[in-house]
Amino acid sequence: MENLLRKGVREAVRVLYGAELEEGLLQIQKTRKEFAGDLTIVVFPLTRISRKSPELTAMEIGEFLTANIDAVSVYNVIKGFLNVTVSPEEWARRLFQISEVSDYGFTAPGDNPVTIVIEYSSPNTNKPLHLGHIRNNLLGFSLSRICGAAGNRVIRTNIVNDRGIHICKSMVAWKLFGDGATPASTAKKGDHFVGDYYVLFDRKHREQAAALEAAGVKPDEARDTAPLMLAARDMLLKWEAGDEETVQLWHMMNSWVYEGFDVTYKALGVEFDKIYYESDTYKLGKEIVLQALKEGHLVRKDDGSVWIDLTADKLDHKLLLRSDGTAVYMTQDLGTAVIRYNDYHFDRHIYVVGNEQNYHFQVLALALLRMGFKWAGGLHHFSYGMVELPEGKMKSREGMVVDADDLISEMTDTARSMSQELGKLGGYSEDEKENIYRQIGLAALKYFILKVDPKKNMTFNPLESIDFNGNTGPFIQYTYTRIRSVLKKADEAGIHWGHGKQDTLTPNQKEINVIKLLNDFPALVTEAAGELSPALIANYCYDLAREFNQFYHDYTILGEADTDLRDFRLRLSDLTGRVIETGLWLLGIEAPERM
RNA sequence: GGCCCUAUAGUUCAAUGGAUAGAACGCGGGUUUCCUAAACCUGAAAUCCAGGUUCGAUUCCUGGUGGGGCUACCA
């Protein structure tokens, strides 16, 4: 539609003013609601060519367009804006066209698709997932679907930070205070079970440090020399040396954590194609660093530590290997990146990681390039903002966190009580009802998080933030269930709306509003993939649902006596339902049949 | 100190350099013998400050101010 107009205006300029229109000068946008029309041509830039006032230029072009393009029926001019109205009949034809497209909104991958690796989630194995991880997982998972829908080959990956001093703390605490307890013996979820020992370690350690301080030891020294800290260090050394008992304990506790994570991932509905473990990749990282050192890309200090000098890129010196030869965070990320490139030969690699690590990822890409890995130009840090509580930043150690599992079940509880109050699920079994409560609760949570521009920090108020009315996930789901209900009734009445005639139809304004949005969908998916923005999809779904609800409120569908018009409305409803379902799917949100 | 992100109704969020800054929650007023009222209609309510570029700036640039982050031989 827009392309048609684009061509028309170029033609108009050629005929009226005898000039070729540069592409950059032509601005076409959707007409704002408060004005009549569908598409708007901004004529200010064209006055340079016409050498006439904006109003006159607009009128001349408007006359030309209505005379020469069938689909353009009317135009009006306000200030320097030429508002063009596409004829209702054209919109009707448009609906017939796009509703026949299967997989509407998806771009087929083509022969040589762009390969994108997306890393998200990236948990530590010493504590359960919290609200910050939820934002991460939802963004990553949604991005993977959006990029896939736009025709790319997508590999979803995760890196599990499964080694290091933090894991050793949990291990020490369990060994000393655990008394052989297991998640099974305590009926606790594995990740929470292990997380409790991490917290316990921290508490006991603080007590020990305080005792030392009371005896006159300096604070720093007290922290470093408390028996528990020494035990954790010792544990790390043993682990790196491959001590059998330690490695066995490590395996056991990690496996508990993974069982717990799996439950949370499943509850959130996120998945991965390939999971990497830091314990598998850090060694290659060390090799890469040593190799790069040999090739002269890095510098070794007197104490034996290895650094990269990035001052030429306006960054700093960055440590890549400790003086004792052990790996740091950066080391293993270098290794992971190389392994992934060897595995997939990606064109792009998207890291979904919070903005607190902006510096880290700048260094990572530059370091790889410096070492000669040209593909590192395809690395992209998808940097999202922090989730804060009304009291401020979340702090695991002080218990100021919103636990992921708790939050999910609270959402389901709220959905359950609201749904039961409304009482619309008669005829469903308890299991079916529970599944719907879960779908609605999750939709509220996911939509709340995904509708926000990813790079902005967001505040989450446990008591007030999540709504089920208005601009919310459940609102969109509700619109979907209304549509399903109408289509089901049509089906039961034996109405076959798929063959309806189209030529004589003149849709009303509400119908046109919906068709316009439906018509935008494929371009929107492409745009969302280009900008890596699930928020665009979320806001679109909301707009579409709202627009459809207005139509639904003002007009009857099944009660329409003119069967061509009735069938047209069913077609409109059906495509709206399909697009909402697809849009929600791109966000990782399920669409229930009833609610 | 240096670097990065951010600032829009009471609150949570929108707005490729374009028209009268758009929603939701909350607050006020309405709509149900009719396909699901988790809906629809309607009222009040906002661009941090000062310059600059432009026919035109919430948007771009500069300088302030407020908020957040990074600047570890932590991850």
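Chain A is the first sequence line, chain B the second, and so forth, proteins listed ahead of strands; every chain is numbered from 1. Computed from a prediction, not measured in an experiment: that's the story for all the values here. Only heavy atoms go into these numbers, but all of them, side chains included; no hydrogens, no water, no symmetry mates.
Going from the C1' atom of rA44(B) to that of rC49(B) covers 27 Å, rounded to whole Å. Between rG17(B) and rU53(B), the two C1' atoms lie 11 Å apart (nearest whole Å). Comparing rA9(B) with rU71(B), their C1' atoms are spaced 37 Å from each other, to the whole Å. On the C1' atoms, rA50(B) is 15 Å away from rA57(B), given to the nearest whole Å. Rounded to whole Å, the separation between the P atoms of rU16(B) and rC61(B) comes to 16 Å. The P atoms of rC25(B) and rA19(B) are separated by 26 Å, rounded to the nearest whole Å. Separating the P atom of rU31(B) from that of rC48(B) is a span of 39 Å, rounded to the nearest Å. Taking atom P in both rG30(B) and rA46(B), the straight-line distance is 25 Å, to the nearest Å.
Regarding contacts with the backbone of rU36(B), a side-chain N or O of Lys489(A) is found under 4.0 angstrom from either OP1 or OP2. Between Lys455(A) and rU6(B) there is a side-chain N or O to OP1 or OP2 distance below 4.0 Å. Taking 4.0 angstrom as the limit, Asn457(A) places none of its side-chain polar atoms (N or O) nearer than this to OP1 or OP2 of rC5(B). Taking side-chain N and O atoms only, Lys451(A) has no distance below 4.0 Å to OP1 or OP2 of rA24(B). For rC74(B), the OP1/OP2 oxygens have a side-chain nitrogen or oxygen of Arg322(A) closer than 4.0 Å. For the pair Ser485(A) and rC35(B), the criterion of a side-chain N or O lying under 4.0 Å from OP1 or OP2 is not met. Regarding contacts with the backbone of rA21(B), every side-chain N or O of Arg32(A) stays at 4.0 angstrom or more from both OP1 and OP2. Using a 4.0 Å cut-off, some side-chain N or O of Gln550(A) falls inside it from OP1 or OP2 of rC41(B).
With hydrogens and angles ignored, no donor-acceptor pair under 3.5 angstrom links the side chain of Asp333(A) to the base of rA75(B). Between the base of rA24(B) and the side chain of Thr472(A) there is no donor-acceptor pair shorter than 3.5 Å.
Look at CZ on Phe448(A): it is 15 Å from P on rU11(B), rounded to the nearest Å. Rounded to an integer number of Å, the gap from NE2 of His317(A) to P of rU71(B) is 16 Å. Rounded to an integer number of Å, the gap from CG of Leu366(A) to P of rC70(B) is 20 Å. The nearest whole Å value for the distance from the NE2 atom in His381(A) to the P atom in rG69(B) is 16 Å. Rounded to an integer number of Å, the gap from NZ of Lys30(A) to C1' of rA19(B) is 17 Å. The distance between atom CD of Glu547(A) and atom P of rC40(B), rounded to the nearest whole Å, is 10 Å. Between the C1' atom of rG56(B) and the NZ atom of Lys79(A) lies a distance of 10 Å, rounded to the nearest Å. One interatomic measurement links the two molecules: NZ of Lys446(A) to P of rC13(B), which rounds to 20 Å at whole-angstrom precision.
Here rC40(B) sits opposite rG30(B) as a Watson-Crick or G-U wobble pair (both hydrogen-bonding atom distances under 3.5 Å). In this structure, rG18(B) and rC55(B) make a Watson-Crick or G-U wobble pair, each of the two defining distances being under 3.5 angstrom. Pair check for rG1(B) finds rU71(B); Watson-Crick or G-U wobble, both atom distances under 3.5 Å. A 3.5 Å limit on both hydrogen-bonding distances identifies rU6(B) as the Watson-Crick or G-U partner of rG66(B). Across all strands shown, rC35(B) has no partner, as no Watson-Crick or G-U wobble contact with both distances under 3.5 Å is found. Pairing of rA45(B), defined by two Watson-Crick or G-U wobble distances under 3.5 Å, is not identified with any nucleotide.
Arg594(A) comes within contact range of at least one nucleobase, with a heavy-atom separation under 4.0 Å. Contact annotation for Asp467(A): backbone-only contact, meaning every heavy-atom pair under 4.0 Å involves sugar-phosphate atoms and none involves a base. Among the atoms of the strands shown, only primed sugar atoms or phosphate atoms (P, OP1, OP2) are found under 4.0 Å from some heavy atom of Glu278(A). Among the atoms of the strands shown, none is found under 4.0 Å from any heavy atom of Gln362(A). Base engagement by Tyr478(A) is indicated by at least one non-hydrogen atom pair under 4.0 Å involving a base atom. Using a 4.0 Å heavy-atom criterion, one finds that Tyr329(A) contacts the bases of the nucleic acid, with or without backbone contacts as well. Nucleic acid contact for Asp162(A): none, since no nucleic acid atom lies under 4.0 Å from a heavy atom of the residue. Within the 4.0 angstrom heavy-atom criterion, base atoms lie near Ile440(A). Using a 4.0 Å heavy-atom distance criterion, Phe35(A) is classed as a base contact. Counting non-hydrogen atoms under 4.0 angstrom, Met595(A) reaches a base of the nucleic acid. Among the atoms of the strands shown, base atoms are found under 4.0 Å from some heavy atom of Gln357(A).
Geometrically, Lys318(A) does not engage Trp307(A) in a cation-pi contact, judged by NZ or CZ lying under 6.0 Å from the ring centre and within 45° of the ring axis. For Arg135(A) and Tyr384(A), the positive end is not near the middle of the six-membered ring at less than 6.0 Å and at most 45° from its axis.
Of the charged side-chain nitrogens involved, at least one lies within less than 4.0 Å of a carboxylate oxygen, so that Arg546(A) and Asp543(A) count as a salt-bridged pair.
Asn358(A) and Ser383(A) share a donor-acceptor pair across their side chains, judged by distance under 3.5 Å alone. Between the side chains of Gln509(A) and Asn513(A), a donor-acceptor pair is found at a separation under 3.5 Å. Thr472(A) and Asp467(A) form no side-chain donor-acceptor contact under 3.5 Å, judged by distance and modelled atom types alone. When only modelled atom types and interatomic distance are considered, Tyr552(A) and Glu547(A) share no side-chain donor-acceptor pair under 3.5 Å. In this model, a donor atom of one side chain and an acceptor atom of the other lie less than 3.5 Å apart for Asn83(A) and Asn76(A).
Residue Gln29(A) places its side chain closer to rU16(B) than to any other of rA24(B), rA75(B), rU16(B). The side chain of Asp453(A) lies closest to rA14(B), out of rA14(B), rC40(B), rU20(B). In the set rA19(B), rA75(B), rA37(B), the nucleotide with an atom closest to the side chain of Arg482(A) is rA37(B). When each of rA23(B), rC13(B), rU36(B) is scored by its nearest atom to the side-chain atoms of Val452(A), the top-ranked nucleotide is rC13(B). Of the candidates rG18(B), rC35(B), rU12(B), the closest approach to any side-chain atom of Leu558(A) belongs to rC35(B). Closest approach to the Tyr552(A) side chain among rC13(B), rG68(B), rU36(B) is made by rU36(B) (side chain taken as heavy atoms from C-beta onward).
The aromatic ring of Phe44(A) sits over the base of rG18(B), with ring centres less than 5.5 Å apart and planes tilted by under 30°.
The nearest heavy atom of RNA chain B to Met418(A) and to Ser305(A) marks one nucleotide each, and the one closer to the 5' end goes with Met418(A). Comparing Asn549(A) and Ile28(A) against RNA chain B, the residue whose closest nucleotide sits nearer the 5' end is Ile28(A).
For Met59(A), the CE atom sits in a loose shell: 12 or fewer heavy atoms of surrounding residues, nucleotides or ligands are nearer than 6.0 Å.
Between Tyr555(A) and Arg569(A), some side-chain heavy-atom pair lies under the 4.5 Å cut-off.
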